Amino acid sequence: MAEHSEHIVSPKIYGIVLSALLLGTYITVQAAKVDLGPWNIVLALTIAVTKMTLVILFFMQGKYSSRRTKLIFASVFFWLAIMLVLTLADYTTRHPEPSRSQLQQTPARTSSVAPGFSA
């Protein structure tokens, strides 16, 4: 029988990947504090996909896997892209809802009793 040996990744590589993931988390938190308008979601998804790629390649050992496993990973990315495109297409066709500040500017009802009922 043929021996199957697994690829052993050095702890240095794991440390570098961990540092990159922590840096990605820090960048995500800092990016959430900045208003980029419609680009907030693009930046957040870019950071998330980059971190996901690092996890798949190194921690799940996708980089050193067989061709069939790499095909599965590629299929997952393709499926994710389809879902993101459909979600963003749905999001862009919706009508904007008023913000809380716009809702507070509307006059409130003076009565706390539901219509049709007397106090």
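Remember, predicted model here, so these are calculated numbers, not experimental data.
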How long is the gap from [atom1] on [X] to [atom2] on [Y], to the nearest 0.5 Å?
| X | Y | atom1 | atom2 | value |
| --- | --- | --- | --- | --- |
| Lys63 | Thr53 | NZ | OG1 | 13.0 Å |
| Leu57 | Lys70 | CG | NZ | 9.0 Å |
| Leu54 | Leu18 | CG | CG | 10.5 Å |
| Ile47 | Leu21 | CD1 | CG | 12.5 Å |
| Tyr26 | Gln30 | OH | CD | 4.0 Å |
| Thr28 | Lys33 | OG1 | NZ | 12.0 Å |

Notebook entry, point to check: Between Phe73 and Gly62, what is the shortest heavy-atom contact and its length?
Noted result: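 That would be CE1-CA, 3.3 Å.
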Notebook entry, point to check: Can you name the closest pair of heavy atoms from Ala31 and Leu43 and give their distance?
Noted result: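 Scanning both residues, the minimum pair turns out to be CB-CD2, 3.4 Å.
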Notebook entry, point to check: Counting heavy atoms not belonging to Ile8, are there more than 12 under 6.0 Å from its CD1?
Noted result: no
Notebook entry, point to check: Does some side-chain heavy atom of Ile41 sit less than 4.5 Å from a side-chain heavy atom of Tyr91?
Noted result: no
Next item on the list: Answer yes or no: is there a side-chain heavy-atom contact under 4.5 Å between Leu45 and Val42?
Entry: no
Is there a chain of hydrophobic side chains (I, L, V, M, F, W, Y, each step under 4.5 Å between heavy atoms) that links [X] to [Y]?
| X | Y | result |
| --- | --- | --- |
| Leu88 | Ile82 | no |
| Leu23 | Val34 | yes |
| Ile72 | Val49 | no |
| Leu71 | Leu80 | no |
| Ile27 | Trp39 | yes |

Check: Does the pair Ser66 and Thr69 meet the rule for a side-chain hydrogen bond (donor to acceptor under 3.5 Å, both in side chains), with working shown?
Finding: CA-CA 5 Å; Ser66 66; Thr69 305; 3.2 Å; yes
Note to self: For Tyr64 and Phe58, take the angle between the two ring planes, folded into 0 to 90°, and tell me which bin it lands in: parallel under 30, tilted 30 to 60, perpendicular over 60.
What the structure shows: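 Rings of Tyr64 and Phe58: perpendicular, as their planes differ by over 60°.
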Check: Mind checking what makes side-chain contact (heavy atoms from CB on, under 4.5 Å) contact with Ile16, not counting sequence neighbours?
Finding: Lys12
Margin query: Test your reading of the model: is there a side-chain donor-acceptor pair from Asn40 to the backbone of Leu36, 3.5 Å cut-off?
Written below: yes
Notebook entry, point to check: Among side-chain atoms of Thr25 and Lys51, is any donor-acceptor pair under 3.5 angstrom?
Noted result: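 Note: Thr25 and Lys51 side chains meet the donor-acceptor criterion.
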